[in-house]
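Since the structure comes first, as structure tokens, the remarks are kept for the end.
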Amino acid sequence: MERRKLLATLGGIGAVGLAGCLSESRSADTDQSPSSPEQTQSPTAEHSTIQRHLSIVDQDSIADSHELRVHVELLESTTTNTQPATLRVSTTNEGPKRAISVGTDGCDLFNRDRGGSKEPRGLWLYRVETMDAVDRKANKWVPAKSPEQPRVYSTYGCTPMEYESRESVSTEYGVWDDYQVSGYLQPGTYRWEEEIHIWEDATATAREPSSTTIKWGFSLAVEKPD
């Protein structure tokens, strides 16, 4: 079942390339809420300063005939100096066993250069589990890099992932500022959009043409606090 493969030798990894690591899960999500009130308290919470409010403006629907569901939800809608806004993207195969291009191990829907918003540029999605490894500017969710510095990614290929019927894959992201775009978390509406490929043959390889190609995307609104 585990057909999640990285096909080539890993190249150099820069601050952005580190987004190729993981914060995702397969199958149903579980409740991991703290069991006691003491666990919910953060010693730095009282010092948090709200920087931005985020909301999901829209997300594309997929025709029922494709038997595929992709859903985005905000887990944390507020960006502060101690935490960024976070979201989860889940892909569920509602059809028979088959292969789908949305995977894990660095092959998620918004991996590498796909992490940046496209309309307009300005935001970037980082996997939650990799954020501590990214050197950021003090109290800001933006890599400590000059705009002239190029983005560097791991070099590898992704194979279609085998999905059982009703299987779901989820990835959590932190919403950061794009260091190559001027300003910081500029208010506005930002959109991401990517292609999803489906192979009816669950053992298909990336060299085989997909049976179906779907475009899916979503939009986030960024607002300054009152």
So which heavy atom on [X] is nearest to which on [Y], and how close?
X	Y	answer
C107	G157	SG-O, 4.4 Å
P96	E67	CD-OE1, 3.7 Å
S90	S168	CB-OG, 4.2 Å
N81	T49	OD1-N, 2.5 Å

Determine whether [X] and [Y] make a side-chain contact, defined as any pair of heavy atoms from C-beta on separated by less than 4.5 Å.
X	Y	answer
V175	P84	no
P187	E223	no
T171	T104	no
D132	V134	no
V72	I56	yes
L68	I198	yes
L220	L87	yes
Q59	H71	yes

Q: Following the transitive rule for hydrophobic clusters with a side-chain heavy-atom cut-off under 4.5 Å over Ile, Leu, Val, Met, Phe, Trp and Tyr, establish whether F110 and V142 coincide in one cluster.
A: yes
Q) Is V70 reachable from W199 through a run of hydrophobic residues whose side-chain heavy atoms are each under 4.5 Å from the next? A) no
Under 3.5 Å, side chain of [X] to main-chain N/O of [Y], donor-acceptor pair present?
X	Y	answer
Q51	T78	no
D177	L185	yes
S101	H197	yes
S165	G95	yes
S117	L123	yes
T80	T82	yes
T79	A85	yes
W216	E195	no

Q.
Against T213, only a single residue in S211, S210, P209 fulfils side-chain contact (heavy atoms from CB on, under 4.5 Å); can you say which?
A. S210
Q) Does NZ or CZ of R151 come closer than 6.0 Å to the centre of the six-membered ring of Y179, within 45° of the ring's axis? A) yes
(Q) Tell me whether K140 forms a cation-pi arrangement with Y184, defined as NZ or CZ under 6.0 Å from the six-membered ring centre and within 45 degrees of its axis. (A) yes
Q: Apply side-chain contact (heavy atoms from CB on, under 4.5 Å) to the pair M161 and Y163, showing each step before the final yes or no.
A: CA-CA 6 Å; M161 195 181 93; Y163 277 69; 3.4 Å; yes
(Q) Pair Y126, Y173 - check side-chain contact (heavy atoms from CB on, under 4.5 Å), show working. (A) CA-CA 5 Å; Y126 287 84; Y173 302 93; over 6 Å; no
Spacing of [X] atom [atom1] and [Y] atom [atom2] [to the nearest 0.5 Å]:
X	Y	atom1	atom2	result
L109	R114	CG	CZ	7.0 Å
T212	I214	OG1	CD1	6.5 Å
I100	H66	CD1	NE2	12.0 Å

Q) Would you call K118 and E194 a salt bridge, using N to O less than 4.0 angstrom? A) yes
Q. In terms of side-chain geometry, is the basic nitrogen of E193 or R191 positioned less than 4.0 Å from the acidic oxygen of its partner?
A. yes
Q: Show your reasoning for whether side-chain contact (heavy atoms from CB on, under 4.5 Å) applies to L75 and E172.
A: CA-CA 9 Å; L75 303 178; E172 295 180 8; 3.5 Å; yes
Q.
Under the criterion side-chain contact (heavy atoms from CB on, under 4.5 Å), I'd like the reasoning laid out for L74 against T86: C-alpha separation, chi angles, the key distance, then a yes or no.
A. CA-CA 6 Å; L74 276 173; T86 57; over 6 Å; no
Q. So F218 and W192, would you call those rings parallel, tilted or perpendicular, with 30° and 60° as cut-offs?
A. parallel
(Q) According to ring-ring contact (aromatic ring centres under 6.0 Å, His included), who are the partners of W141, at least two apart in sequence or on a separate chain? (A) W176
Q: I would like to know whether N93 and R98 meet side-chain hydrogen bond (donor to acceptor under 3.5 Å, both in side chains); could you show each step before the answer?
A: CA-CA 8 Å; N93 176 30; R98 54 190 175 164; 2.7 Å; yes
Q. Does K137 have any salt bridge (Lys or Arg N to Asp or Glu O under 4.0 Å) partners at least two apart in sequence or in another chain, and if so, which?
A. none
